[in-house]
There are 2 protein chains.
Amino acid sequence: MGRPTMNDVARNAGVSLKTVSRVVNGETTVDPGLAARVRAAVAALGYRPNLGASMLRRNDRRTRMIGVLLTDLAGPFSAAVHRAVEDEARARGVHVLGGSTDDDPQRAQDLVEAFARRHVDGVILMASAVVDLPSVVIDREAGIDQGMRHLRNHGHRRIAFVEQEVHAVFALPDPPTAILAGSTPVTIEVVRALRERGLRDRVALVGLGDFPAADLLEPAVTVVTQDPGATGRAAAGALFEQIDGGTPGARTISIPTTLIARGSGEIRPATGS
Amino acid sequence: MGRPTMNDVARNAGVSLKTVSRVVNGETTVDPGLAARVRAAVAALGYRPNLGASMLRRNDRRTRMIGVLLTDLAGPFSAAVHRAVEDEARARGVHVLGGSTDDDPQRAQDLVEAFARRHVDGVILMASAVVDLPSVVIDREAGIDQGMRHLRNHGHRRIAFVEQEVHAVFALPDPPTAILAGSTPVTIEVVRALRERGLRDRVALVGLGDFPAADLLEPAVTVVTQDPGATGRAAAGALFEQIDGGTPGARTISIPTTLIARGSGEIRPATGS
DNA sequence: CTGAAAGCGCTAACAA
DNA sequence: TTGTTAGCGCTTTCAG
């Protein structure tokens with residue numbers, strides 16, 4: 001025998017299947033005596049309703065489950081977005097399926113497809129694709145402009161935008177006077193590299209994404225922040241608006257960015273270089 | 001009309017329902033001509049199988065979905081565990097429902113119950129509870145001992161274990177000579193507090209959990225690490241062993257800890273105090 | 001190789 | 001207030 005079903009409960013309580021259904025779903029039009037018997041049977045058998053079966057028959061056809069596809073569930077930005085989405089979802093009795101795309105469009109596509117087979121009510125994704133499901137796209141391109149502008153305003157003309165290959169930058173014949181780091185891990189790598197080379201007070205640095213100890217480093221690190229919590233809340237809000245079918249709702253969430261000047265980004269290039 | 005069903009595809013392709021089922025499930029005992037017609041109909045209608053319905057009828061009764069309950073999906077440790085679990089799950093074609101408990105047992109209980117209604121195949125949880133589902137518990141208590149021992153070995157007798165209330169510690173009549181910080185965010189708060197009070201070279205600090213910039217602070221922060229990736233992989237491995245019904249598998253995963261001495265934890269108490 | 005019938009666990013619509 | 005019947009979309013079983 002597998003898990004007990006509604007039928008088992010009905011038999012045990014000596015009532016009809018439908019009465020059990022009513023009690024389980026909290027309908028108030030059931031005789032208190034019967035309801036008590038049903039609840040006793042539920043407890044005795046360890047019965048738990050099967051949401052999959054109920055959703056199959058139900059009219060609204062909602063699974064009360066959404067998907068969230070982020071670059072990397074382990075990364076600080078994705079993780080914070082995820083949590084914010086979770087909180088919004090929880091408030092609505094909705095569960096969240098998570099997935100990391102590693103910025104691979106094919107993987108994102110596969111995950112969307114897989115979630116669709118599960119009949120998720122909608123999808124939030126940090127990418128640029130569009131899918132044929134209720135969905136909200138988080139656009140993370142913003143922020144680069146702001147960082148670049150800041151460095152230019154401080155006199156820099158040779159600015160490196162660094163992804164992964166941190167050390168290659170310093171091997172260039174005409175090395176940059178300023179660095180814009182593409183993510184938090186990269187920013188920290190750059191700090192480490194600058195120290196090793198004794199350049200920490202000579203090369204400017206702006207990081208994309210804030211991190212907890214940024215203000216405690218020397219020099220403190222200037223960053224362009226994108227509030228992941230606000231982003232997640234906004235995306236979830238827009239998605240649920242779509243799902244609940246009111247207004248169409250926003251399909252793209254752009255993240256407002258803020259530059260926090262702390263020192264490293266305000267270093268000026270050496271004159272006469 | 002809602003989404004097209006297998007019946008719609010069958011009608012469109014001029015075959016029986018069962019033939020569509022065979023093609024969709026990749027059975028090879030179908031005439032290639034019929035299979036091609038079915039595939040064409042699937043594409044034309046934009047048909048997608050309904051996993052919920054199929055799981056209802058299927059014999060193995062697996063949802064191919066597990067739940068992961070962590071302290072905080074946004075926290076670095078939880079997030080890294082989550083990602084590792086996701087990777088293990090993906091390799092098995094399993095999806096992951098995530099949930100933050102904020103270390104509230106009631107909330108953990110509620111989430112387990114909710115996931116059980118969805119018939120998840122199992123649950124991983126970072127807590128100390130046990131549930132009547134295939135499950136693996138991650139025990140995070142370890143590490144405290146190791147940190148304490150380290151500080152005592154360096155001569156400390158008044159050691160504060162700090163959770164949240166960072167500032168209260170310094171208001172004590174007889175303040176500690178060493179601090180053990182319970183989590184990464186707390187560690188960073190303590191660093192900040194020590195600096196504000198000019199105590200950064202006088203009070204020892206050991207943090208539970210490593211963080212990316214720990215070695216770049218001054219003094220660099222001594223930490224007790226728990227490898228979240230290894231933890232997640234181990235927990236997922238143990239859970240899938242249970243689910244696949246081979247050996248019973250471990251029900252509790254203890255995280256091996258390592259102390260990384262970087263400076264802050266090796267400060268000795270002022271003599272004669 | 002293909003199909004018809006039954007039924008997974010549950011809720012909708014209707015009847016008593 | 002309670003129960004009966006039908007059927008959600010799919011897989012199983014068994015017959016052709």
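Here is how names work: the chains are called A, B, and so on, in the same order as the sequence lines, proteins then strands, and each is numbered from 1.
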Taking atom [atom2] of [N] as reference, at what distance in whole Å does atom [atom1] of [X] sit?
X: A:Arg64; N: C:dT11; atom1: CZ; atom2: C1'; answer: 16 Å
X: A:Asp8; N: C:dG9; atom1: CG; atom2: P; answer: 8 Å
X: B:Arg117; N: C:dG9; atom1: CZ; atom2: P; answer: 17 Å
X: B:Arg11; N: C:dG3; atom1: CZ; atom2: P; answer: 14 Å
X: B:His119; N: C:dC8; atom1: NE2; atom2: P; answer: 14 Å

Exercise for the section: Measure the OG1-CZ distance between B:Thr63 and B:Arg58 for me, rounded to the nearest 0.5 Å. Expected result: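 One gets 12.0 Å once the value is rounded to the nearest 0.5 Å.
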
Practice task
Name the orientation class of the two ring planes belonging to A:Phe115 and B:His95 (parallel below 30°, tilted from 30 to 60°, perpendicular beyond 60°).
Solution key: perpendicular

Handout entry: Contacting residues from residues 35-61 of chain A, given that a heavy atom lies under 4.0 angstrom of DNA chain D
Key = A:Leu56, A:Arg57, A:Arg61

Practice task
Measure from the side chain of B:Thr5, starting at C-beta and using heavy atoms only, and say which of D:dG9, C:dT11, D:dT11 lies closest.
Solution key: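 Shortest atom-to-atom distance from the side chain points to D:dG9.
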
Completion exercise
Smallest heavy-atom separation, B:Arg64 atom then A:Arg118 atom, equals O-NH2, 2.6 Å

Problem - Heavy-atom pair of closest approach, residues B:Asp121 and B:Pro134 - result: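 Heavy atoms of B:Asp121 and B:Pro134 come nearest at O-CG, 3.4 Å.
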
Exercise for the section: Report yes if a side-chain nitrogen or oxygen of A:Asn7 is closer than 4.0 Å to either non-bridging phosphate oxygen (OP1 or OP2) of C:dG9; otherwise report no. Expected result: no

Handout entry: Flag, side chain of B:Arg92 to backbone of B:Glu88, donor-acceptor distance under 3.5 Å
Key =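 Yes: the side chain of B:Arg92 pairs with the backbone of B:Glu88.
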
Practice task
Considering only NZ, NE, NH1 and NH2 on the basic side and carboxylate oxygens on the acidic side, decide whether B:Arg11 and B:Asp8 come within less than 4.0 Å.
Solution key: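 Counted as a salt bridge, because a side-chain N and a carboxylate O are separated by less than 4.0 Å.
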
Exercise for the section: Could you give me the CA-CA distance, side-chain angles and deciding distance for A:Ser78 and A:Asp72, then say whether side-chain hydrogen bond (donor to acceptor under 3.5 Å, both in side chains) is met? Expected result: CA-CA 6 Å; A:Ser78 295; A:Asp72 176 12; over 6 Å; no

Practice task
Inspect the surroundings of CD in A:Glu113 and state if more than 12 heavy atoms from other residues, nucleotides or ligands are less than 6.0 Å away.
Solution key: yes

Protein-nucleotides 2-5 of chain D N/O pairs under 3.5 Å:
unit_1 : atom_1 : unit_2  : atom_2 : d
D:dT2  : OP2    : A:Asp31 : N      : 2.6
D:dT2  : O4     : A:Arg22 : NH2    : 3.4
D:dG3  : OP2    : A:Ser16 : N      : 3.1
D:dG3  : OP2    : A:Ser16 : OG     : 3.0
D:dG3  : OP2    : A:Thr19 : OG1    : 2.4
D:dG3  : N7     : A:Arg22 : NH1    : 3.4
D:dG3  : O6     : A:Arg22 : NH2    : 3.1

